[in-house]
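Down below is the structure, laid out as structure tokens.
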Amino acid sequence: MPLPLIPLPHLVEPGGDPFRLLAGARLAGVPEVVAALLRERTGLSLDGCGAGLLEFRLAAGGAPESYRLEVDATGVRVVAADEAGLFYAGCTLEQLLAEDPEGWILPAVVIEDAPRFGYRGAMLDVARHFFDVTTVKRFIDQLARLKLNVLHLHLTDDHGWRIEIASRPHLTARGSGSEAGGGAGGYFTQADYVEIVGYAAGRCVTIVPEIDLPGHTHAIGLAYPDLAEQPVLDAYLRAQIEALDGVLPVAGEPFTGLGVGFSSLRIGHEPSYDFVADVLGELAGITPGPYLHIGGDECLGTPPAAFADFLRRVTAMVERLGKTPIAWHEAGAAPGLAPGTVGQYWGFLSPDELAAGCAQRLVAAGSRLVLSPSDAAYLDMRHPEDPSGQDWANGPTSLRRSYCWEPSELIPGVGETDILGIEAPLWTEFVRTPAQVDALVFPRLAAIAEIAWSAPAGAPGRNWSEFRQRVAGLAASWRAQGIGFTAVREVEWP
Ligand code: TNX
């Protein structure tokens, strides 16, 4: 059996006798989150009163986030390039922990490791259904342990506005009290958001907040009717909604349906830009990370010229705030985006012309891309063995489909250096509880994490048959964490 490591490290050389981890082992230089991880998993005090040493230290010169980990019978030695490297070495150690009748052991091994992509993300949609701070922290724990380093929070949509904006208090007072399918909704105060950002930073995770604009904005109309267009219900949008659930949007009333694309901010209206400036300004002020996501998807009722005008102005505004804008790939249809805008591709593994064209135009204009191919990386698609979840993206989505794709071969003309990273979004139209989150996210997030971190397929061990075995090897750790993963039939779970 291969060692149960996901994502697969760059280099793994198994050695001789294992290290036996006992209660008295000493932790030297081990980051507090890592020490807590090891204590929590093993139940050992690791108080330094007995035998065994786990020694972590920083050394200049390595690649960002890289580490070297050595385990032999005498103990563990880690050298890392930065804090993230120390943390990831700790995550690797936790995955290596195994139990035998006498207690905990770590197999002897030398590992050298560094990520392929700098942006390795997951997304949680807290707009369709709201998830509280505790649930978000738990999600951060889970993704960080797979060496993902971005949590994109989809904070606003037609169904609700989920982040307090002090200068625009009606947004949460009037725009946060509903959800897809009905429900109480909710929102993060700025203090909640700051708490999430801090918790994430402690696990080397950057929060990327998204305010979806100019579409997906029905909830803004509940708060500031003057800023919102009337819902566009042309023949196409009506037919689309009829096919989904028949719930039509009504201006000024909470939207609980499944339709998309009917809402827009009033683009030719100057107060809209004052509003966006207030919202993005406050958000930038509480977001230490480099990115602000401004949406840009599915503006089906917005004339193309108005859409382009809006994105040009708003990407420039984000840059003036000192942040890098990210927008869904539809932004590629708009000329004149601020240089450096990042595009997020959500087309299929076999791109249609429209999606590929948008992505290619972004790259031609100097943008880099985050890849979220919806039929491989969308966590809200259902598993083959479970009827819950969406299936519009060629669903159901097997673990194998999530795993077997190569980022640099996804979109013609978009190569390795054009790719900033990979992200797996969880949209929550049908997701209400933390248990449902677990069941959709696991095990597929492990596949996405490996694509984002590990060398391309073909490197030793970097293939589907070994991945299946390594995932099975992680089940014990996931169960210990209380993760209710879906036991997909493609894997022989222990
Ligand atoms: C498409 S992906 C959307 C979302 C939905 C999702 C459901 C994207 C940019 N837009 O609005 O929630 O499908 O799978």
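We use all heavy atoms of the structure for the numbers below, so side chains are in, but hydrogens, waters and symmetry mates are not. Every number for a ligand or one of its atoms is a count from 1 in the order of the listing. Bear in mind the structure is a predicted one, so any value in this text is a computation, not a measurement.
- Of all protein heavy atoms, the one closest to atom 9 (C) of ligand 1 is D297 OD2, 3.1 Å.
- Residues H159 and E179 bring no donor and acceptor atom of their side chains to less than 3.5 Å of each other.
- Residue contact annotation: H216 has a non-hydrogen atom under 4.0 Å from ligand 1.
- Annotation: atom 2 (S) of ligand 1 to nearest protein heavy atom, Y378 OH, 2.4 Å.
- At under 3.5 Å, a nitrogen or oxygen of D380, whether backbone or side chain, sits near a nitrogen or oxygen of ligand 1.
- With respect to atom 1 (C) of ligand 1, the closest heavy atom belonging to the protein is E298 OE2, 3.5 Å.
- Between W464 and Y403, the two ring planes are tilted [angle within 30° to 60°].
- Considering backbone and side-chain N/O atoms, E429 comes within less than 3.5 Å of an N/O atom of ligand 1.
- Between W478 and F442, the gap from one ring centroid to the other is short of 6.0 Å.
- Figure legend: R168 and Y224 shown as a cation-pi pair, the cationic atom lying under 6.0 angstrom from the six-membered ring centre and within 45 degrees of its axis.
- F262 and F255 have perpendicular rings, their planes meeting at more than 60° on a 0 to 90° scale where under 30° would count as parallel.
- Atoms of ligand 1 found under 4.0 Å from any heavy atom of W328 (numbered from 1 in listed order, with element): 9 (C).
- Annotation: atom 13 (O) of ligand 1 to nearest protein heavy atom, W392 CZ2, 3.2 Å.
- Within 6.0 Å of atom CZ in R361, more than 12 heavy atoms from other residues, nucleotides or ligands are found, so the atom counts as buried in its surroundings.
- Counting only N and O atoms by type, the side chains of D212 and W328 include no donor and acceptor under 3.5 Å apart.
- In terms of polar-atom proximity, R128 is counted as a contact of ligand 1, with an N or O under 3.5 Å from an N or O of the ligand.
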